[in-house]
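First comes the structure, then the notes that go with it.
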Amino acid sequence: IKALELLESLKNFLDVENCVFMLAVDYEVVQRGMAEKFGVDLQKLSGKSFFDKIIQLPFTMPSTSYNLGKYIQELLANANFRVNKRELRFYEEITSVTVGRNPRSIKRVINYVRLIRIIRKKHATINTKDSADNRKILYALICMQVAWPEIFNFFVKSPTPATIKNIENWEYLDQIPYIDKLYNRTPNQDQLKANIS
């Protein structure tokens with residue numbers, strides 16, 4: 001909502017003669033603000049026209065023109081997070097279905113991974129292993145927390161394989177507390193459920 005309000009305020013200053021204003025806008029964030037402020041139905045009808053009033057020359061940053069696997073591998077390597085080529089496909093897929101291909105979101109996940117690993121290392125016991133499986137689980141949980149906090153919060157109340165299995169069931173998923181907040185943030189609820197599964 002704050003992003004939407006900021007854009008509405010800026011609209012008053014954008015018609016200054018001989019000035020060009022460049023806005024870097026995350027369309028999805030503003031869409032969510034519109035959905036919260038006006039309701040989902042109105043947001044779907046007026047979202048594009050709102051941007052058309054403000055922006056005369058839209059340009060979308062290409063988020064698919066880079067090699068996602070290579071980008072993730074470089075970030076993980078810089079975080080001292082060992083990933084071999086066979087494992088890379090897992091990291092690429094889990095990233096893609098949770099936080100997506102946005103470089104900023106991916107970097108946020110990697111920074112969180114780095115922080116958790118520093119904390120774990122400082123408080124390590126003899127039983128704390130840095131195995132490939134433990135790294136995958138850590139990465140997947142962080143992706144879940146960043147992308148789907150409602151599901152993550154539900155999972156941490158009962159962090160078992162059975163809970164994960166249940167979350168894969170779409171009908172069970174619909175019963176998770178506050179799941180509507182997650183559904184309202186996405187334009188395609190079925191795709192979201194497929195990604196969660």
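Basis for what follows: all heavy atoms, side chains included, without hydrogens, waters or symmetry-related copies.
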When rounded to the nearest 0.5 angstrom, what is the spacing between [atom1] in [X] and [atom2] in [Y]?
X      : Y      : atom1 : atom2 : result
Ile116 : Leu141 : CD1   : CG    : 10.0 Å
Arg120 : Asn134 : CZ    : CG    : 6.0 Å
Ile110 : Ile72  : CD1   : CD1   : 6.5 Å
Leu76  : Arg135 : CG    : CZ    : 10.0 Å
Lys181 : Ile176 : NZ    : CD1   : 14.0 Å
Glu92  : Arg101 : CD    : CZ    : 7.5 Å

Of the options Asn188, Asn169, Thr186, Asp174, which is the one that meets Lys193 in a side-chain hydrogen bond (donor to acceptor under 3.5 Å, both in side chains)?
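With Lys193 as partner, side-chain hydrogen bond (donor to acceptor under 3.5 Å, both in side chains) holds for just one option, Asp174.
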Tell me, with the steps shown, if Asn80 and Lys121 meet side chain to side chain contact (heavy atoms under 4.5 Å, CB included).
CA-CA 12 Å; Asn80 295 319; Lys121 191 173 187 178; over 6 Å; no
Which donor-acceptor pairs under 3.5 Å do side chains of residues 149-161 form with protein atoms, sequence neighbours excluded?
residue	atom	partner	partner atom	Å
Glu150	OE1	Arg185	NH2	3.0
Glu150	OE2	Arg185	NH1	2.7
Asn153	ND2	Pro149	O	3.2
Ser158	OG	Thr163	OG1	3.3
Thr160	OG1	Ala162	N	3.4
Thr160	OG1	Thr163	N	3.1
Thr160	OG1	Thr163	OG1	3.0

Minimum heavy-atom distance between [X] and [Y], given as atom pair plus value:
X      : Y      : value
Pro103 : Tyr71  : O-OH, 3.4 Å
Thr98  : Cys143 : OG1-CB, 3.3 Å
Ala132 : Tyr91  : O-OH, 4.2 Å
Ile142 : Tyr112 : CG2-CD1, 3.4 Å
Trp170 : Asp190 : CH2-O, 3.6 Å
Leu68  : Ser96  : CD2-CB, 4.2 Å

For side chain to side chain contact (heavy atoms under 4.5 Å, CB included), just list the numbers for Arg114 and Ile118, CA-CA rounded to whole Å, side-chain angles, deciding distance to a tenth of an Å, and then say yes or no.
CA-CA 6 Å; Arg114 181 183 286 151; Ile118 290 169; 4.1 Å; yes
Please tell me whether [X] and [Y] are part of a single hydrophobic cluster in this structure, the criterion being side-chain heavy atoms less than 4.5 Å apart.
X      : Y      : value
Val97  : Ile106 : no
Ile94  : Ile137 : no
Tyr178 : Ile196 : no
Leu115 : Val109 : no
Tyr172 : Met144 : yes

Backbone N/O of Val99 and side chain of Arg108: donor-acceptor pair under 3.5 Å
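Here the side-chain-to-backbone pair does not exist.
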Does a donor on one side chain and an acceptor on the other come within less than 3.5 Å for Asn78 and Glu74?
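There is no such pair between these side chains.
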Report yes if the side chains of Leu6 and Lys2 come closer than 4.5 Å at any heavy-atom pair, otherwise no.
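Leu6 vs Lys2: side chains apart.
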N/O donor-acceptor pairs under 3.5 Å from side chains in residues 81-89, not counting sequence neighbours:
residue	atom	partner	partner atom	Å
Asn84	OD1	Arg86	N	3.0
Asn84	OD1	Glu87	N	2.8
Glu87	OE1	Asn84	N	3.1

For Phe21, is the CZ atom crowded, meaning more than 12 foreign heavy atoms sit under 6.0 Å from it?
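Counting neighbours around CZ of Phe21, more than 12 heavy atoms of other residues, nucleotides or ligands fall under 6.0 Å, so yes.
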